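Take a look at the structure set out below.
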Amino acid sequence: MNTVMILFLGASIAVGASATVMGALCAGIAMLATLVLSNVILNALKKVFADCKFGATLIVVAGVTSLVTMLLHAFMPGAYAGISVYLSCLCVNLLVYANAEKDLKSALTAGVKFLIAVLIVGVVRELFGAGALAGVKVDFLAKHTINALNAPAGGFMVLAFVMALFRNKEGQACMCKDEFIKSVFANKKGEVE
């Protein structure tokens with residue numbers, strides 16, 4: 001199950017940093033590094049922090065996020081400039097906390113799936129919103145761009161369409177209007193009042 005496309009975890013970063021393919025790639029790598037490093041540190045110190053797991057998790061994730069942010073700033077300043085605001089969201093992202101104390105395989109899988117999801121959103125937004133791919137203009141698409149995709153609302157639109165595709169692929173089709181109304185307004189007996 002892809003946590004971004006099904007559970008909507010990490011969506012703020014997926015929408016905010018995915019205006020370009022490079023921004024999406026850097027955000028995905030930052031998320032992957034934060035997930036894996038936090039997981040390794042927390043599992044290595046599991047017995048030390050047995051009494052205060054939540055506090056230790058907060059401190060470790062915040063520290064790892066700071067480290068990843070500083071590394072991006074030092075070695076990829078151009079990419080850092082575009083997504084620096086969204087990197088701060090990593091330390092409070094539920095995707096990180098959902099996988100912080102699981103095994104390394106779960107953290108790695110969640111990070112790779114996030115990277116793929118944010119790249120898909122980034123490719124669609126840059127290709128159809130700016131008429132380019134990784135900064136290289138695509139002549140045909142450059143003449144027929146959808147400017148709304150460059151705005152944050154465009155990120156939500158693309159994410160919603162990609163989520164619908166993922167959910168349909170995984171057999172979790174969206175509810176029709178009647179099913180939704182019944183699920184929201186049904187009483188304990190299952191009847192709509």
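Quantities reported herein were computed from a predicted structural model and do not represent experimental measurements. In what follows, every heavy atom counts, from backbone to side chain, and hydrogens, waters and symmetry copies are set aside.
Considering only residues two or more places apart in sequence or on other chains, T145 meets the side chain to side chain donor-acceptor pair (under 3.5 Å) condition with N147. K47 is linked by a side chain to side chain contact (heavy atoms under 4.5 Å, CB included) to nothing, counting only residues two or more places apart in sequence or in another chain. Evaluation of the side chain to side chain contact (heavy atoms under 4.5 Å, CB included) rule for A79 yields C26, M76 as partners, not counting sequence neighbours. The side chain to side chain contact (heavy atoms under 4.5 Å, CB included) search around V124 returns F128, V158, not counting sequence neighbours. Listed by chain and residue number, N43 satisfy the side chain to side chain contact (heavy atoms under 4.5 Å, CB included) test with K46 (two or more places apart in sequence, or in another chain).
You'll find the side chain of T65 stays beyond 4.5 Å of the side chain of L87, heavy atoms only. Residues L108 and L32 have side chains in contact (heavy-atom distance under 4.5 Å, counting atoms from C-beta outward).
Residues V48 and L37 fall within the same hydrophobic cluster, defined by Ile, Leu, Val, Met, Phe, Trp and Tyr side chains chained together at heavy-atom separations under 4.5 Å. In the hydrophobic cluster analysis, where Ile, Leu, Val, Met, Phe, Trp and Tyr join through side-chain heavy atoms closer than 4.5 angstrom, V162 is grouped together with F156. F161 and F114 end up in different hydrophobic clusters when Ile, Leu, Val, Met, Phe, Trp and Tyr side chains are linked at under 4.5 Å. Cluster membership for M70 and I83, using ILVMFWY side-chain heavy atoms within less than 4.5 angstrom, is not shared.
For the residue pair V68 and A33, the shortest heavy atom distance occurs at CG2-CB, 4.0 Å. Heavy atoms only, all atoms of each residue included: I29 and L115 are closest at N-CD1, 3.8 Å. Closest heavy-atom contact between G23 and T20: N-OG1, 3.0 Å. A30 and L72 get closest at one heavy-atom pair: CB-CD1, 3.9 Å. Closest approach of I41 and V60 over heavy atoms only: CG2-CG1, 3.7 Å.
To the nearest 0.5 Å, the span separating CD1 on I116 from NZ on K113 amounts to 8.5 Å. How far CG of L67 is from OG of S38: 10.0 Å, rounded to the nearest 0.5 Å. Rounded to the nearest 0.5 angstrom, N39 CG and K102 NZ are separated by 10.0 Å.
The list of side-chain hydrogen bond (donor to acceptor under 3.5 Å, both in side chains) pairs with a residue in residues 124-136, not counting sequence neighbours, reads S18-R125.
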